[in-house]
Amino acid sequence: MDQLREALAAVARDLGAADADVQLERPREEAHGDLATNLALQLAKRLKRKPRDVAAEILAKLTLPPGVIEKAEIAGPGFVNFFLAERALGATLTAVLGAGERYGRSDAGAGRRANVEFVSANPTGPLHVGHGRQAALGDAIASLLEATGWQVTREYYYNDAGAQIANLTHSVQAWIRRLGGEDAAIPPGGYHGEYVRDIAEQYVHEHPSDAGGADLDAIRQFAVRALREEQDRDLQAFGVAFDVYALESALYAGSQVDTTVRRLVSAGHAYERDGALWLRTTDFGDDKDRVMRKSAEKGGDFTYFVPDVAYHVSKWERGFTRAINVQGADHHGTVARVRAGLQALEMAIPEGYPEYVLHQMVSVTKGGEEVKLSKRAGSYLTLRELVDDVGRDAVRYFFLMRRGDSQLVFDVDLAKKQSEENPVYYVQYAHTRMAGIFRNADRDPTAVGPDFADPSPLSAPAETELLKLLGQYPAVVEKAAEFLEPHRVIAYLEELARAANAWYHHHRVLGEPAPIERARLMLARAVQIVLRNGLTLVGVSAPERM
RNA sequence: GCGCCUGUAGCUCAGUUGGAUAGAGCGUUGGCCUCCGGAGCCAAAGGUCACAGGUUCGAAUCCUGUCAGGCGCACCA
């Protein structure tokens, strides 16, 4: 492909257009060949000639690399279509079988370090469905980066000491007093879920000396730990693991917050007004300036903006050349101000740092009606309940099959009731069928390597189609990683599974004449490898049996 | 009012960053089990790509405007 591109560039130079951008793409239509270029269309205007005439001259001057291209032809308004020789497709097969589980991986990231922050829910309640989308998305993005050569840290940031935690603490305290027979009300802004009562009961059980709930600090620590542990259990059930848990309170304790403010002031972008300390973020693309330290009458403490900036400084200083934040779209307002804060430090942090992957909200329908999301346990909306009901694989797959910036309707009834028709089963089933071939043949699939047999008997249309798809997988992974869009992998897997199921239905493997059987075993093994690699990449299992 | 995201088949959504006749699943209709797992395969019907302009060889894709939905717009986090 690179050879072809260079050959075309040489022709372009010859025609006096050395700066032409040579584009090679895979045509949608099979009749349009395996690769196509629009070079003639691009050049036609500046050469003031008809596109098809330019295409003819390109073709005449083109020196094709030997053995790779079978034929080339002019089509449509002036496209030049190239047809790959069969040998090239056979090479795909040996590439897949040779690389195995490494097929599709690359080292584009060259071992540089990337931080992917996601979920980052404060420990004020169980994880809900929206966190589930974020967990699936963040984990898959991290995996995509790993597959393309980045050294990835999965990070979870949470606040264990702010106003929301105080609300939680007082809510638990109120329940402790209720359990003691008092008539205590949940404070305004407090948490009403049943889990609050459960925590209160546990607290009383483990702290008999404080049955009255007087020790707020002890209650806070207990509640935060209990909810963090519950969230960890939920994430574990979902198959997501983090490398680093970062605490907001540590930024204060480690004086990073103070240091950040000092740097911002000395960089000259801060000013005082109405008794508060402001940062002129409008100098760096924000739409309004931000308060860093509140005025004395408002309490005189820092706004959340400051630790947010300090936190991202810490990512930079820990050596992450990329920081990717996966967040709900309701947080999009923070994007401009965090970046502006980092620029205002004048520490040579790149302008686009950190990168954001924002996903739209998940709405949940149950019984045909939309259910409002809230942090109430028992409302059938926690991630844990969804995973327990629908299954980890289906939940992961559903959350990833859509682009992040389209809204997602998760119909719980449908996911449960019609789980057999879920696309995830279709893809997994294709994998199971390939595995079944080796099971029935009583063969070890891992023994089928690139030198297992001669792949040339694979000539049926369904087979060349499969080989082409297998050859596309590395590019799919590369693009999905580049755009941080795991749904591209899902779409590819469905296409591959469709082609694999059609092939399986029309062609037998076992019992055919030996050269054909052995060649098809290679193809079946290659399909199995790529399906498994892709499913693993998006966090879905590839079962041998279902 | 301002900003970000979205609008594609009855429903849920893709669309390889500007390419050729806009695709898939579900649903609907009609076929296919002596066969490695039918959780499957083959086919049909179904479209003013929200609407109106513009850019150019060429637009679902880029620009402008309008309409509709979602989410933001604190000295809250």
Side-chain angles (χ1 to χ4, degrees), chain A residues 23 25-29 31-32 36-38 40-42 44-45 50-51 75-79 81 122 124 159 162-165 167 189 248 273-278 287-288 290-305 307-308 328-336 358-361 363 398 401-409 411 414 418-423 425-426 428-430 432-441 472 475-476 479-480 482-483 487-488 490-492 494-495 498 501-512 517 520-521 524 545-546:
Chain A
Q23 295 177 21
E25 55 193 17
R26 275 188 304 279
R28 221 188 305 259
E29 290 288 323
H32 297 148
T37 182
N38 59 359
L41 292 162
Q42 283 184 58
K45 193 181 184 189
K50 290 181 189 167
F79 290 99
N81 296 335
N122 285 343
T124 56
N159 180 350
Q164 299 304 324
I165 299 296
N167 287 338
E248 182 179 345
R273 195 180 74 200
D274 304 332
L277 183 65
W278 295 70
D287 56 351
K288 57 184 76 167
R290 303 294 165 181
V291 171
M292 293 195 286
R293 194 180 54 236
K294 302 177 198 172
S295 59
E297 56 265 34
K298 297 276 187 181
D301 46 8
F302 293 117
T303 62
Y304 76 101
F305 167 70
D308 243 17
D330 53 339
H331 288 87
H332 76 253
T334 65
V335 174
L358 301 179
H359 64 87
Q360 295 291 324
M361 299 291 94
S363 59
F398 265 69
M401 59 196 277
R402 309 299 181 214
R403 268 160 67 233
D405 48 15
S406 70
Q407 284 161 238
L408 185 75
V409 179
D411 186 330
L414 192 76
Q418 300 193 349
S419 63
E420 288 184 351
E421 292 163 22
N422 280 345
Y425 289 101
Y426 184 88
Q428 288 181 320
Y429 183 55
T432 303
R433 279 178 147 177
M434 298 304 129
I437 293 171
F438 292 96
R439 198 161 50 238
N440 282 309
Q472 289 169 17
V476 169
K479 286 290 178 190
E482 181 183 344
F483 295 109
H487 79 272
R488 289 165 181 264
I490 301 259
Y492 169 82
E494 286 182 20
E495 202 178 343
R498 209 160 20 247
N501 278 330
W503 172 69
Y504 179 91
H505 189 265
H506 291 295
H507 303 283
R508 287 189 59 82
V509 174
L510 304 181
E512 296 292 308
E517 175 179 300
R520 287 184 177 164
L521 280 170
R545 296 171 183 269
M546 292 169 68

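So you know, we letter chains A, B, ... as the sequences are listed, proteins then strands, and number each from 1.
Atom name P, nucleotides B/G7 and B/U56: the rounded distance is 26 Å, in whole Å. Using atom C1' as the reference point in both B/C62 and B/C75, the two lie 42 Å apart (nearest Å). Nucleotides B/U61 and B/G15 are separated by 9 Å at their C1' atoms, to the nearest Å. B/G69 and B/A74 have their C1' atoms separated by 26 Å, with the value rounded to a whole Å. Taking atom C1' in both B/G47 and B/C13, the straight-line distance is 15 Å, to the nearest Å. Spacing between B/A22 and B/A59 at atom C1', rounded to whole Å, works out to 12 Å. Look at the C1' atom in both B/C71 and B/A14: the space between them is 24 Å, to the nearest Å. Remark: the separation of the C1' atoms in B/G23 and B/G31 is 23 Å, to the nearest Å.
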Strictly under 3.5 Å: I want the nitrogen or oxygen pairs between protein and nucleotides 5-8 of chain B, one per line.
residue: B/C5; atom: O2'; partner: A/Gln360; partner atom: NE2; Å: 3.2
residue: B/C5; atom: O2'; partner: A/Asp405; partner atom: O; Å: 2.9
residue: B/U6; atom: OP1; partner: A/Arg403; partner atom: NH2; Å: 3.2

Report all interatomic pairs (protein N or O, nucleotide N or O of nucleotides 75-77 of chain B) with separations under 3.5 Å.
residue: B/C75; atom: O2; partner: A/Ser295; partner atom: N; Å: 2.7
residue: B/C75; atom: O2; partner: A/Ser295; partner atom: OG; Å: 2.9
residue: B/C75; atom: N3; partner: A/Ser295; partner atom: OG; Å: 3.0
residue: B/C75; atom: N4; partner: A/Asp274; partner atom: O; Å: 3.0
residue: B/C76; atom: OP2; partner: A/Lys294; partner atom: NZ; Å: 2.5
residue: B/A77; atom: OP2; partner: A/Tyr304; partner atom: N; Å: 3.3
residue: B/A77; atom: O3'; partner: A/Asn159; partner atom: ND2; Å: 3.1
residue: B/A77; atom: N6; partner: A/Tyr304; partner atom: OH; Å: 2.6

Find every protein N or O atom lying less than 3.5 Å from an N or O atom of nucleotides 54-59 of chain B, and list the pairs.
residue: B/C57; atom: OP1; partner: A/Lys45; partner atom: NZ; Å: 3.4

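In this structure, CG on A/Leu408 lies 9.0 Å from CE on A/Met401, to the nearest 0.5 angstrom. Rounding to the nearest 0.5 Å places CE of A/Met546 at 5.0 Å from OG1 of A/Thr432. If you take OG1 on A/Thr303 and CH2 on A/Trp278, they are separated by 10.0 Å, rounding to the nearest 0.5 Å. Between atom CZ of residue A/Phe305 and atom CE of residue A/Met292 there is a gap of 7.0 Å, rounded to the nearest 0.5 Å.
Distance from the side chain of A/Arg498 is smallest to B/A24 among B/A14, B/A24, B/C42. Out of B/U12, B/G40, B/C36, the shortest distance to the side chain of A/Arg402 is found at B/U12.
Under the 4.0 Å criterion applied to side-chain N and carboxylate O atoms, A/Arg402 and A/Asp405 are not assigned as salt-bridge partners. Using a cut-off of 4.0 Å between Lys/Arg side-chain N and Asp/Glu carboxylate O, A/Arg498 and A/Glu495 are scored as not salt-bridged.
In plain terms, the two heavy atoms of A/Ala329 and A/Met361 that are nearest each other are N-CE, 3.9 Å. Between A/Trp503 and A/Arg520, the shortest heavy-atom contact is CH2-O, 3.7 Å. For the pair A/Ala524 and A/Ile437, the tightest heavy-atom approach, listed with the atom from each and the gap, is CB-CD1, 4.1 Å. Here the closest heavy-atom approach between residue A/Pro423 and residue A/Glu494 is recorded as CB-OE2, 3.6 Å. Between A/Ser295 and A/Ala276 the shortest heavy-atom distance is N-CB, 3.8 Å. Listed here is the closest heavy atom pair of A/Asn81 and A/Ala75: ND2-CB, 3.4 Å.
B/G72 is paired with B/C2 under the Watson-Crick or G-U wobble criterion, all donor-acceptor distances under 3.5 Å. With a cut-off of 3.5 Å on both pairing distances, the Watson-Crick or G-U wobble partner of B/G40 is B/C32. Base pairing of B/G10 is made with B/C26, judged by Watson-Crick or G-U wobble geometry with both donor-acceptor distances under 3.5 Å. Applying the Watson-Crick and G-U wobble criteria (two distances, each under 3.5 Å), B/G19 pairs with B/C57. The nucleotide B/G47 finds no pairing partner, because no Watson-Crick or G-U wobble arrangement with both distances shorter than 3.5 Å includes it. Nucleotide B/U64 forms a Watson-Crick or G-U wobble pair with B/A52, both donor-acceptor distances falling under 3.5 Å.
Among the protein residues, A/Ala36 comes within range of the nucleic acid bases, having at least one heavy atom under 4.0 Å from a base atom. Looking at heavy-atom distances under 4.0 Å, A/Met292 makes no contact with the nucleic acid at all. As judged by a 4.0 angstrom heavy-atom cut-off over every strand, A/His507 is placed among the base-contacting residues. Residue A/Ala75 is in base contact, counting any heavy-atom pair closer than 4.0 Å across all strands shown. Across all strands shown, A/Phe483 has heavy atoms under 4.0 Å from base atoms, whether or not it also approaches the sugar-phosphate.
The nearest whole Å value for the distance from the CG atom in A/Asn440 to the C1' atom in B/G37 is 8 Å. To the nearest angstrom, C1' of B/U21 lies 13 Å from CZ of A/Phe79. Between the OH atom of A/Tyr429 and the C1' atom of B/C36 there is a distance of 10 Å, given to the nearest Å. Between A/His359 atom NE2 and B/G72 atom P the separation is 13 Å, expressed in whole Å. For the pair A/Tyr426 OH and B/G38 P, the interatomic distance rounds to 13 Å; values are reported in whole Å. The CZ-P distance, from A/Arg433 to B/A39, rounds to 8 Å in whole Å. Nucleotide B/C33 holds its C1' atom 16 Å from the CG atom of A/Asn501, rounded to whole Å. Rounded to an integer number of Å, the gap from CD of A/Glu494 to P of B/A39 is 19 Å.
Residues A/Asp287 and A/Thr432 each lie close to RNA chain B; by heavy-atom proximity, the contact nearer the 5' end of the strand is made by A/Thr432.
One N or O on the side chain of A/Asn122 and one on the backbone of A/Asn159 form a donor-acceptor pair closer than 3.5 Å. Formation of a donor-acceptor pair under 3.5 Å by the A/Gln360 side chain with backbone atoms of A/Ser406 is not found in this model.
Nucleotide B/U17 is shown with a syn base, its glycosidic torsion being within 90° of 0. For B/C33, the glycosidic angle deviates from 0 by 90° or less, giving a syn base.
A/Leu521 places a side-chain heavy atom less than 4.5 Å from the side chain of A/Phe438.
Evaluation of atom-type donor-acceptor distances gives no pair under 3.5 Å for the side chain of A/His332 against the base of B/G72. Side-chain N/O atoms of A/Asn38 and base N/O atoms of B/G19 include a donor-acceptor pair closer than 3.5 Å.
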